[in-house]
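Each remark here refers to the structure printed beneath this line.
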Amino acid sequence: MLWLKVSGFQPPSVRRLRLQRKFHFLLFLSGLVTLCFGALFLLPLFLPPRIQQPDQEVVADVSSHLLAHGLLPPPKPAPAAPALGEHEPRSQSRILRKKGGARRMWPTIAAIRPKNKSVLFSFDFNAFRSRLRHPVLGTGADEKSSQSPVGAQREKIKEMMKFAWQNYKRYAMGQNELRPLTKDGYEGKLFGGLGGATVIDSLDTLFLMELKEEFREAKAWVEESFHLNVSGVASLFEVNIRYIGGLLSAFYLTGEEVFRVKAIELGGKLLPNTDKPFGLYPNLISPLSGKWELQHVSVGGLGDSFYEYLIKSWFMSAKTDLEAKTMYYKALEAIETNLLKVSPGGLTYIAEWKEGTVINKMNHLACFAGGMIALGTEEAKETKRAHYRELAAQITKTCHESYARSDTKLGPEVFWFKSSREAMAIYARESSYTLRPEVVESYMYLWRQTHDPIYREWGWEVVVALEKYCLTEAGFSGIRDVYSSTPSHDNKQQSFFLAETLKYLYLLFSDDDVLSLEDWVFNTEAHPLPVNHSDSSSRARG
């Protein structure tokens, strides 16, 4: 047996061996599927490797994902290409998902066209928008008024976004993130030399908040300064969720061609060669060469949204992808059986599991789970719906407790459940708050499902705490110790603060039809991508 052959593996009993084997297999399977899934979910605009002829270039003739979902017309026949021998490009099937479940094989279709000619297909943006069931920015109901209490709260969050953007633009425009204490920019190593992560991450938030001048500034930078001829090693996962996700979202929200073109060009650079170690997908890729780097494969933090993308794939397919739905609920049952715990103090949490041992701690990153479970509640079996509603509420309450039990009312990176210390960090290195969004993400989903005012109360507590402890002269900064009433700042305004934290807070205080969950699915970086209503409507007509 596979697990019996692992060096150093000594099963204490046959019964425990069976449990460990099952769980190892679950983790292995989920990890492998995870590594294959994220890119396809976020990158429907695949390209084959570029093969360039004199005065010609290879371009994406059509997004196979959009074709399959009826969002684009069939491509016009491509002109005949000169013989390319054994290197001739051909239709390929690629699955490059970083954190979800690989189910469908979307073929890539390419054409060779002369340089400086228009792309061979057009996207009917008006037809796409007509299929949405709600206006993107809502209908302008009573809560839209800035004079109402909720409207005033929303305007405050909008001011925070404007302040964060203006300081980024002033001190770090074009670099990946702002360092507000030193008033300069930060590149980092996640993106392989790509710049402007905050610009791309902010596009849809600026559009959503109707910050029109700031959106024009961001768009102009993408048009004029977002260059892809860079060298370095990039996190495939991070580039997908931030850059590809941000560009696609901006395109679907606005119909601006520049965002689609940049997404196609960047997507082409992310396609790796055929050289995967043992068929596995490493964590890092070079955007210059398209080769995997460092040969490091992990099913850890980079796969944390595997379960999230299963249920979101079900919704994104307009509830036609039954396999994704089935996989999600089976996975949720496994989580309940093996990881769901209740502390001595009555707090429900999702523990961690490592080499057969349950570890009674929870990461801030895992606090998205309350919102995920809430999102999938109404699609569950009728006998399970009330249970899942309560489970979503209890997990979200526990994550709120991690905030409420700190001096700053902001939550730590990791919190433990021990008799003397529940929902609190134990070690200093776990006590930081880096402007993370997962808790307010769950508040938003729970509010939209229940309209219980407690979630807006909790969300406003976060706004107040951000203003009190994270606001600096030149932007917002994470803090190193949430248990200190005078915390030191980490000098980093994360791009996800603008992409996720402020967006989810704004939506928490907005009407339900603003970026309605009937029309949009949020990726891991909170970039909204459209539900494929054309798929369900065509099936209904059929």
Side-chain angles (χ1 to χ4, degrees), residues 138 141-146 148-158 160 308 340-343 345-350 362-378 380 384-412 415 417 422-424 433 435-470 482 500-517 522 526:
D142 291 341
E143 285 190 357
K144 187 80 171 180
S145 171
S146 61
S148 69
V150 172
Q153 290 172 309
R154 188 171 54 253
E155 285 300 307
K156 177 59 181 177
I157 297 164
K158 184 175 178 178
M160 294 167 68
E308 171 192 6
L340 192 67
K341 305 294 179 184
V342 178
S343 72
L347 296 178
T348 300
Y349 64 98
I350 300 176
M362 190 170 174
N363 279 272
H364 193 294
L365 286 167
C367 283
F368 81 93
M372 175 191 73
I373 295 170
L375 184 63
T377 292
E378 299 307 316
K384 300 282 287 184
R385 290 175 189 171
H387 167 68
Y388 285 145
R389 288 190 197 101
E390 181 63 17
L391 179 58
Q394 289 300 319
I395 291 174
T396 303
K397 178 183 177 182
T398 296
C399 290
H400 171 260
E401 284 298 311
S402 75
Y403 278 53
R405 299 183 185 196
S406 76
D407 293 57
T408 59
K409 306 307 176 188
L410 295 168
F415 44 100
F417 299 88
E422 292 191 355
M424 298 181 71
Y433 172 71
L435 306 176
R436 288 201 183 278
E438 292 78 18
V439 173
V440 296
E441 175 183 357
S442 285
Y443 293 169
M444 188 277 290
Y445 281 112
L446 267 293
W447 161 256
R448 288 206 169 183
Q449 182 187 80
T450 69
H451 285 184
D452 186 333
I454 193 63
Y455 299 112
R456 281 183 167 174
E457 291 178 23
W458 291 351
W460 191 248
E461 290 173 3
V462 176
V463 172
V464 172
L466 287 169
E467 284 274 298
K468 185 173 182 179
Y469 295 105
C470 298
V482 298
E500 301 184 70
T501 308
L502 293 178
K503 181 187 286 125
Y504 283 131
L505 284 169
Y506 186 83
L507 290 172
L508 176 61
F509 293 95
S510 298
D511 293 337
D512 291 357
D513 60 355
V514 177
L515 285 183
S516 168
L517 297 181
F522 294 95

Requested in this report: Side-chain contact test, heavy atoms from C-beta onward, threshold under 4.5 Å: evaluate it for K156 versus E467 and give yes or no.
Outcome: yes

Requested in this report: Look up atom CG in L347 and atom NZ in K397, then write down how far apart they are to the nearest 0.5 Å.
Outcome: 7.0 Å

Requested in this report: May I ask you to test the E441-C367 pair for a side-chain heavy-atom distance under 4.5 Å?
Outcome: no

Query raised in the report: If you measure from CG on L502 to CG on L466, what distance do you get to the nearest 0.5 Å?
Result: 7.5 Å

Report task. Check whether any side-chain heavy atom of I395 sits under 4.5 Å from a side-chain heavy atom of I350, and report yes or no. Result -> yes

Report task. Please work out which of the three classes, parallel, tilted or perpendicular, describes the rings of F415 and F417, given edges at 30° and 60°. Result -> perpendicular

Expected list for residues 368-375: side-chain donor-acceptor pairs under 3.5 angstrom, two or more places apart:
none

Query - Pair L507-F522, side chain to side chain contact (heavy atoms under 4.5 Å, CB included): steps then yes or no - result: CA-CA 12 Å; L507 290 172; F522 294 95; 3.6 Å; yes

Query raised in the report: So, for A404 and K409, which heavy atoms are closest and what is the spacing to 0.1 Å?
Result: O-NZ, 2.8 Å

**Report entry** Geometric class of the H364/Y403 ring pair [parallel <30°, tilted 30-60°, perpendicular >60°]
**Finding:** tilted

Report task. Look at atom NZ of K384 and say whether more than 12 heavy atoms of other residues, nucleotides or ligands are closer to it than 6.0 Å. Result -> yes

Query raised in the report: What closest approach, in Å, do W447 and D452 show between heavy atoms, and which atom pair accounts for it?
Result: CE3-O, 3.4 Å

Report task. Report yes if some heavy atom in the side chain of L410 is under 4.5 Å from a heavy atom in the side chain of C470; otherwise report no. Result -> yes

Query - Check: R154 side chain, F509 main-chain N or O, donor-acceptor pair, under 3.5 Å - result: yes

Requested in this report: Measure from the side-chain N and O atoms of S402 to the backbone N and O of G411, and report whether any donor-acceptor pair falls under 3.5 Å.
Outcome: no

Report task. Enter the distance from H387:NE2 to T377:OG1 here, rounded to the nearest 0.5 Å. Result -> 9.5 Å

Report summary line: d(M444 CE, E500 CD) to nearest 0.5 Å is 11.0 Å

Query raised in the report: With side chains defined as the heavy atoms from C-beta onward, is the minimum distance between S406 and Y433 less than 4.5 Å?
Result: no

Query - Backbone of Y349 reached by a side-chain donor or acceptor of T398 within 3.5 Å - result: no

Query raised in the report: Any idea which heavy atoms bring A526 and K503 closest together, and the distance?
Result: O-NZ, 3.0 Å

Requested in this report: Test E378 against R389 for salt bridge (charged side-chain N to carboxylate O under 4.0 Å, His left out), laying out the working first.
Outcome: CA-CA 9 Å; E378 299 307 316; R389 288 190 197 101; 3.0 Å; yes

**Report entry** Over 12 foreign heavy atoms within 6.0 Å of NZ, K158
**Finding:** yes

**Report entry** Closest contact, heavy atoms only, T408 versus A465
**Finding:** O-CB, 3.3 Å

Query raised in the report: Closest heavy-atom contact between R405 and A423?
Result: CD-CB, 4.4 Å

Query raised in the report: Are the side chains of Y445 and L517 in touch, meaning some heavy atoms are under 4.5 Å apart?
Result: yes

Query raised in the report: Run the side chain to side chain contact (heavy atoms under 4.5 Å, CB included) check on V462 and V439 step by step: do they pass?
Result: CA-CA 10 Å; V462 176; V439 173; 5.6 Å; no

Query raised in the report: If we only count heavy atoms from C-beta on, is the S442 to H400 side-chain gap below 4.5 Å?
Result: no

**Report entry** S343: partners by side-chain hydrogen bond (donor to acceptor under 3.5 Å, both in side chains), with sequence neighbours left out
**Finding:** E422

Report task. Please report the closest heavy-atom contact between R448 and D511, naming both atoms and the distance. Result -> NH2-O, 3.4 Å

Query raised in the report: Hey, are the side chains of Y504 and L508 touching, using non-hydrogen atoms and a 4.5 Å cut-off?
Result: no

